[in-house]
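Atoms within a ligand are numbered from 1 in the order they appear, just like the ligands themselves.
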Amino acid sequence: MTDSINAEVISVYPDKVKVAVDDLNSFRLAEEHLKVGSYLRIADCDDVVLVAVIDSFAIEVKDNGDRKYIIEASPLGVIKNEVFSRGGDSIAIPPKKVEPAKISEIEKIYSYGLADKEKFDFSQLSHNCGVRVPVDGDKFFNKHIGIVGSTGSGKSHTIATILQKATSQKSKPYEGLNNSHIIIFDIHAEYPSAFPSSNKLSVDDIVLPYWLLNSEELEELFLDSGDNNNYNQSSVLRSIITQNKKKHNPDVEKIFYDSPLKFDIEEVLNCLINLKSETKNSKAVDRYMIVGEEGDVENSSTTAESGIYLSNEEKLNMYFSKLYEFRPTKASNVTKGDYADGTLDKFVSRFISKYKQDRLNFLFGTASKDISFENTIKQFLGYKENQEANVTIIDLSGIPFEVLSITVSLISRILFDLGYNYKRYASTKGGRQHDIPILLVLEEAHKYVPKSDLARFKASKNSIERIAKEGRKYGVTLLLASQRPSEISETIFSQCSNFVAMRLTNPDDQNYVRRILPDTFGNLTSNLSSLQTGEALLMGDAAILPSLVKIDVTELPPSSSDIPYLKVWKSEWKNLDFEQFTTQWKS
Ligand SMILES: Nc1ncnc2c1ncn2[C@@H]1O[C@H](COP(=O)(O)OP(=O)(O)O)[C@@H](O)[C@H]1O
Ligand SMILES: [Mg+2]
């Protein structure tokens, strides 16, 4: 067959090889038609072969009217003595012979590139069916992963395939679960079908303790970013919460605003309302005119002794306990308290409206008040007793939009802190390495970590950016999926080391991805818009080569599958129980 091939190398550059072919039909292997993305072998002698991937085809018409095909290809590496290595330096120039690579050679590239125990594979070459494309599993999960593609390109299926393989692999046969720990932020409630035995948390059963919110999250929740009194409000909130934490944790020596310790939200609210309505003795401003308390005199006598003397700490502790009545202001004797100027008014009403909202029960309800720190962590990690699970699916679809960012922020932060503290703990236990590394999966990542600087994304952005920057050291990595990569925070996206780039139709997104992807795959990234569903460019430091692959189809797909409209429409008219349906909707 090779004899009939009429092709020659016409130019060689470090990053490009040009090949002229007279008859394209005979320039192919029995197994496949050549396409952009197919592999060529360029040989100078029999035991050194340069492998290149086709970037483009062009047609030249010769003077006599004959056609000639010009193929441009990017060198990938060299097979020498049966072993493939990247880079194209060691080929003797000019190379004599060029032909489509043999399947056995392509297999060699992918099968010898990695030791068996390092291999993790979830796809095969798109053009050379049957050639598996493994990645280095440790490198793949050890660094952040980006999956991009327009809606319907196959991102959710890819995530399911990858995670199903990760949770089913075992180093040796043993009973029970392997040691993978995956948390999925599932915004469309589509993953339960892909992981039937997962730990599932939705707005109905998740317990998110308000007392674990940090300053940013608390402020995002309670303060109106447009309010001029924001600064005062935040400093009041800060001192009240710190003091309340001290009250409830008398044995803890150092307590800060952000310490993960319990406080009582009802008491904080009491205190705020008391502060708003307090009055003081005009002549002795640290005496408070509380009805029924020490020094309380009907009609507020004029003496400097009336009212109760309290230090700031004593006052807050007292204000926590209940709502007090204060003597009204009176000419020059009783004056308004420090916060009677309206500073706290809007804040308090906002506070009450959040705190009393049934929809936020998962944050402020009794379960949130009572849950321990330990059990909070356990629920996210799938360490529920006798119900251990590799995958925890956090269904965000029912979480009210106003608290979506702080929910994502709080959980991500807990996971980061867990990684951080576990590493420290493990090192005190005889230098053990991190043995519960975690993968956090963010579907539709542009929704929580957008480029936008808006206050309502601040909390989730900060928490996730911290994982992006430092999580790897502490065994917490991210898998980010997005249909709008150009709208994701660049800090986060640029930290990804491995990419699965699927069909992308928006030109802004294509350009962005092209810019951020490692520039080793010739022109292939210019074809992002023509990829089939389930097809992807797989690249990054865990890949043997950047490759055009077809992701394996999963047997347990996420429930994101396209609705077969026409088929459904062609069936008989369906009645809908509106009463039942709207009752559930409204609840
Ligand atoms: N690897 C694949 N091979 C074939 N079809 C696929 C593959 N991945 C996804 N699909 C199909 O494509 C459709 C969209 O997939 P999905 O994963 O929901 O895309 P996305 O999350 O990018 O919107 C689904 O109906 C699914 O059946
Ligand atoms: Mg999806």
Original post:
If you measure every N/O of Lys155 against every N/O of ligand 1, is any gap under 3.5 Å?
Top reply: yes

Original post:
Is it true that Gln483 lies under 4.0 Å from ligand 1, counting heavy atoms only?
Top reply: no

Original post:
Is Ser156 close to ligand 1, meaning an N/O of one under 3.5 Å from an N/O of the other?
Top reply: yes

**OP:** Under 4.0 Å from a heavy atom of Thr151: give me the atoms of ligand 1 that qualify, with their elements.
**Re:** 23 (O)

**OP:** Would you check whether Pro557 reaches within less than 4.0 Å of ligand 1, judged by its heavy atoms?
**Re:** no

**OP:** Please work out whether any backbone atom (N, CA, C, O) or any side-chain heavy atom from C-beta onward of Glu190 is under 4.0 Å from ligand 1, and answer side chain, backbone, both or neither.
**Re:** neither

Original post:
For ligand 1, is there an N or O atom under 3.5 Å from any N or O atom of His157?
Top reply: yes

Original post:
For Gly152, is the nearest heavy atom under 4.0 Å from an atom of ligand 1?
Top reply: yes

Original post:
If you count the atoms of ligand 1 from 1 in the order shown, which ones are under 4.0 Å from a heavy atom of Ile551?
Top reply: 1 (N)

Original post:
Any side-chain donor paired with an acceptor under 3.5 Å for Ser482 and Glu444?
Top reply: no

Original post:
Any N/O of Gly154 closer than 3.5 Å to an N/O of ligand 1?
Top reply: yes

Original post:
Are the aromatic ring centres of Phe499 and His144 under 6.0 angstrom apart?
Top reply: no

**OP:** Can you sort out which atoms of ligand 1 are near Lys550, meaning under 4.0 Å from one of its heavy atoms?
**Re:** 3 (N), 4 (C)

**OP:** Find out whether the Lys NZ or Arg CZ of Lys170 is both under 6.0 angstrom from the six-membered ring centre of Tyr174 and within 45° of the ring's axis.
**Re:** yes

**OP:** State whether a side-chain donor-acceptor pair under 3.5 Å links Ser529 with Arg503.
**Re:** no

Subject >> Element-labelled atoms of ligand 1 that are located less than 4.0 Å from some non-hydrogen atom of Ser150 >> reply: 22 (O)

**OP:** Flag the pair Phe140 / Phe122 as yes when their ring centroid distance falls below 6.0 Å, and as no otherwise.
**Re:** yes

**OP:** Report yes or no: do Asp395 and Tyr191 form a side-chain donor-acceptor pair below 3.5 Å?
**Re:** no

Original post:
Within less than 2.8 Å of the Mg ion (ligand 2), any N, O or S from Ser156?
Top reply: yes

Original post:
Do Ser409 and Ser463 have a side chain donor and acceptor closer than 3.5 Å?
Top reply: yes

**OP:** From the options Ser126, Ser530, Ser153, select the one residue that forms a side chain to side chain donor-acceptor pair (under 3.5 Å) with Glu535.
**Re:** Ser126

Subject >> Pairwise ring pair (Phe, Tyr, Trp, His ring centres under 6.0 Å) hits with a residue in residues 452-492, at least two apart >> reply: Phe416-Tyr474, Tyr420-Tyr474

